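In the text below, chain A, chain B and the rest are named by the order of the sequence lines, each starting its count at 1. We use all heavy atoms of the structure for the numbers below, so side chains are in, but hydrogens, waters and symmetry mates are not. The structure presented is a predicted model; accordingly, all values stated were derived computationally and were not measured.
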2 protein chains.
Amino acid sequence: MALADPSHPTCTAARYAEGVQGGYSPNVPTNRKPRVTIDQVAQATGVSRQTVSRAINNKTEIDPETRQRILDAAQAMGYRPSRFARGLVRQDLITIGLVIADVLNPFFPEVTAGVLEAAERRGWQVVVYNTGSERRKELEVVDMLFDQVDAGVAFLLHHDAIAKATAGNLPFVLLDKGGRAPAVPGVRIDFEGGARRGLEYLIGRGHRRIAMLDDEAYLSAEAPNTRRELYLKVMGEHGIPVDINWIQPAHNSIDGGAAAMERLLSAHRDVTAVFAYNDLIAIGAQLRARALGLRVPEDCAFLGFDGLSIGELVEPPLTTLHIDKRRLGEIAVEQAALLLGGMSEDEIPEAVIEPQLIVRASA
Amino acid sequence: MALADPSHPTCTAARYAEGVQGGYSPNVPTNRKPRVTIDQVAQATGVSRQTVSRAINNKTEIDPETRQRILDAAQAMGYRPSRFARGLVRQDLITIGLVIADVLNPFFPEVTAGVLEAAERRGWQVVVYNTGSERRKELEVVDMLFDQVDAGVAFLLHHDAIAKATAGNLPFVLLDKGGRAPAVPGVRIDFEGGARRGLEYLIGRGHRRIAMLDDEAYLSAEAPNTRRELYLKVMGEHGIPVDINWIQPAHNSIDGGAAAMERLLSAHRDVTAVFAYNDLIAIGAQLRARALGLRVPEDCAFLGFDGLSIGELVEPPLTTLHIDKRRLGEIAVEQAALLLGGMSEDEIPEAVIEPQLIVRASA
DNA sequence: CTGAAAGCGCTAACAA
DNA sequence: TTGTTAGCGCTTTCAG
């Protein structure tokens with residue numbers, strides 16, 4: 001995908017690319033204006049800094065005239081209170097860190113919506129980090145979190161990143177705690193129940209050769225109870241033999257799903273249904289299958305996981321296991337609030353999100 | 001309400017007032033564990049606080065043994081350095097605020113991806129705010145920004161919110177500066193060029209009765225050069241009479257587009273093409289039109305704006321004016337960096353993003 | 001209504 | 001290698 005192409009003739013923005021190359025130090029711009037402090041404003045207006053503070057903070061114990069004069073001077077001088085100095089004194093400025101895998105995967109904006117809304121209700125700020133599910137990046141972000149926020153709400157794949165996050169002194173909530181111990185705060189999405197309902201639906205419709213398109217990122221994550229394992233388990237319970245090559249790893253994207261589907265078809269054209277790691281992969285797979293001449297669901301049925309609204313846009317609309325992603329985000333923030341309130345990790349009430357089978361038309 | 005002027009740019013009282021209205025204290029959890037400080041760790045380990053600082057910050061001038069001992073104690077005591085105290089001393093911790101209209105509109109995650117990436121390269125944190133394009137919310141968020149971040153990168157619709165944002169002392173970049181003065185830092189998306197190319201494409205294909213589905217949020221925004229005005233302008237230039245009822249306001253969502261399309265069709269079934277405010281509205285409209293029995297593009301053609309990747313999922317794939325949203329986010333951060341580096345607002349180089357017509361199949 | 005003093009928790013610069 | 005001394009910029013007492 002060549003979206004960001006600054007060399008494109010019509011992109012005036014090109015020069016910025018060079019500007020960045022220019023090589024200035026990344027976070028300390030040169031020529032930085034020194035900060036205007038409250039003392040300078042006080043001096044300029046001939047009052048004490050307390051009086052300036054009163055004006056800025058709209059306190060009542062101040063002459064309205066003085067107040068206005070100070071405000072004007074402050075404005076003119078370019079004064080803005082330092083959040084650090086303020087935060088040091090007041091103990092109620094809370095910032096949480098939200099760690100997601102990929103903003104471009106519609107799953108995460110929905111979770112984010114829930115987190116932002118819940119945080120806003122509490123007057124909290126939300127700093128967002130994107131990991132791309134890379135192990136190195138996850139570890140890096142966890143480190144960052146310890147320095148920058150009061151609590152973390154995170155979607156983490158890699159075992160060591162999770163270990164690091166939960167071992168520290170930072171209140172930490174996992175957006176998908178999977179099969180981890182009860183004492184690890186977080187929301188559990190009942191993938192097992194979901195996968196079971198989904199696969200049994202397919203089996204009930206007569207499917208036996210059911211392929212699985214897995215997220216390749218999980219291959220290295222050492223996570224317990226992956227969707228792939230659940231697939232194997234449920235198939236096994238129903239006595240349906242699984243050819244190991246029915247399982248194809250896919251990059252977690254529409255294109256990834258398409259590519260994996262093509263690989264699958266070239267080896268096993270006889271599968272009658274596809275159980276995908278998620279909707280993105282399912283959509284890509286279904287699109288490619290149709291492009292390759294298969295009829296959906298007659299020749300091959302597709303079952304997604306997540307319940308993204310874009311599943312309704314494709315043809316035929318995608319049957320999927322819907323997760324209430326917004327609620328997921330809200331619950332995580334509520335748990336973070338409890339932790340921040342002093343509740344110990346093992347007192348946090350258990351929270352489970354149950355995926356719902358939504359039958360549309362692809363399976 | 002307040003005595004004097006809480007709307008004054010340097011006055012931060014506005015949001016405190018809201019907090020008080022809330023009744024319960026929203027951000028101070030009860031039972032809060034008191035913060036463990038560096039002095040406590042120093043005392044517990046029998047060293048000076050400076051030595052603790054050295055251990056925590058991984059400095060070299062310290063006995064590895066002492067270091068480990070301190071680290072263990074710190075960990076056991078639940079010590080975590082205060083970002084406020086740190087920020088006060090070190091001047092290189094930068095946080096920017098990203099203000100978007102709606103996380104659930106795929107346009108914004110793409111912009112966000114660009115912003116996050118550019119910010120990360122600089123080691124900056126990004127706090128995200130969602131306004132829903134509500135005027136009240138935009139004003140509130142702008143206030144918040146003044147308190148909480150070092151620079152703002154914002155998508156703002158309402159004139160007064162923009163005025164407030166740019167009047168203050170905070171480096172501020174608009175993600176869509178529209179037709180505003182050159183001295184207002186921000187990126188200009190050339191909607192006029194885009195709209196012209198798009199409409200001329202439709203006209204060139206023989207369309208004369210071209211409807212416009214506008215974003216209803218703009219009705220109250222007092223923004224210059226809206227897409228609606230451009231539509232009127234270009235149609236006028238081509239001597240094509242426009243029935244004012246061809247313009248339907250829509251909520252900025254797929255459902256909004258669908259509803260608006262239904263309204264449009266009930267009054268003007270004879271339109272042969274729809275120029276939508278954006279892809280979301282276009283997709284909703286097209287879906288509904290097809291559900292109502294119209295063939296696309298034979299009975300009615302659809303042209304979107306934004307170039308969202310979900311436009312490729314619908315049938316027929318959506319013809320659209322593609323905006324490089326990721327690049328938009330990146331450029332905005334680069335401008336913020338210049339501002340933060342001390343460059344004055346009118347020195348910021350002009351940046352324009354040129355929408356590209358992508359002909360798929362809906363028009 | 002206004003000011004002076006006392007820290008919030010940390011790190012940089014210098015001494016030891 | 002470690003400790004001491006100064007602040008960073010602000011708000012919260014408590015006096016005037």
Side-chain angles (χ1 to χ4, degrees), chain A residues 28 32-71 74 77-95 146-148 150 169, chain B residues 3-4 10-13 16 19 28 32-71 73-74 77-94 146-148 150 169:
Chain A
V28 188
R32 193 97 166 274
K33 306 177 217 169
R35 178 174 264 297
V36 177
T37 72
I38 197 172
D39 289 276
Q40 290 169 38
V41 178
Q43 199 142 26
T45 50
V47 297
S48 75
R49 68 157 170 249
Q50 288 45 266
T51 303
V52 177
S53 176
R54 285 180 187 109
I56 298 294
N57 294 300
N58 206 15
K59 300 280 170 146
T60 47
E61 328 92 23
I62 183 173
D63 185 319
E65 229 171 75
T66 319
R67 203 184 95 85
Q68 194 54 51
R69 191 166 50 88
I70 294 173
L71 251 27
M77 297 172 68
Y79 171 70
R80 209 156 35 83
S82 147
R83 70 173 179 287
F84 294 122
R86 263 196 178 153
L88 204 49
V89 173
R90 313 187 357 175
Q91 301 293 69
D92 58 349
L93 303 178
I94 292 181
T95 298
F146 278 89
D147 278 12
Q148 305 285 357
D150 302 298
N169 296 313
Chain B
L3 315 150
T10 43
C11 182
T12 54
Y16 296 162
V28 187
R32 192 97 164 276
K33 304 176 219 165
R35 180 174 262 298
V36 178
T37 73
I38 196 172
D39 289 277
Q40 292 170 35
V41 178
Q43 200 142 27
T45 50
V47 298
S48 75
R49 69 157 168 248
Q50 188 51 236
T51 300
V52 177
S53 175
R54 285 184 186 105
I56 297 294
N57 294 299
N58 209 13
K59 302 275 177 168
T60 47
E61 327 92 21
I62 183 176
D63 185 319
E65 228 171 74
T66 321
R67 206 183 91 84
Q68 195 52 54
R69 189 165 51 89
I70 294 173
L71 252 26
M77 297 171 70
Y79 171 71
R80 207 156 35 83
S82 147
R83 71 174 176 287
F84 294 121
R86 267 195 174 155
L88 205 50
V89 173
R90 321 201 329 200
Q91 300 294 72
D92 59 346
L93 302 178
I94 292 181
F146 278 88
D147 277 14
Q148 305 285 356
D150 302 298
N169 297 311

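In summary, Arg80(B) and Asp147(A) do not engage in a salt bridge, as defined by a charged side-chain N under 4.0 Å from a carboxylate O.
Contact annotation: Thr37(B) side-chain N/O to dG9(C) OP1/OP2 distance is not under 4.0 Å. In this model, the phosphate group of dG3(D) is approached by a side-chain N or O of Thr51(B) to a distance below 4.0 Å at OP1 or OP2.
Distances from the side chain of Ser82(B) to the nucleotides dG9(D), dG9(C), dG3(D) place dG9(C) closest. Ranking dT2(C), dC10(C), dG3(D) by closeness to the Ala85(B) side chain, first place goes to dC10(C).
To the nearest angstrom, P of dT5(D) lies 11 Å from CZ of Arg49(B). As rounded to whole Å, 17 Å separates atom P of dG3(D) from atom NZ of Lys59(B). Between Leu88(A) atom CG and dT12(D) atom P the separation is 12 Å, expressed in whole Å. Atoms CD1 (Ile70(A)) and P (dC10(D)) sit 14 Å apart, rounded to a whole Å. We find that CZ of Arg86(B) is positioned 19 Å from P of dC8(C), with the value rounded to whole Å. For the pair Leu93(A) CG and dG9(D) P, the interatomic distance rounds to 18 Å; values are reported in whole Å.
Between Pro81(A) and Ile56(A), the closest side-chain pair of non-hydrogen atoms falls below 4.5 Å.
For Arg54(A) against dG3(C), a side-chain N or O and a base N or O form a donor-acceptor pair under 3.5 Å.
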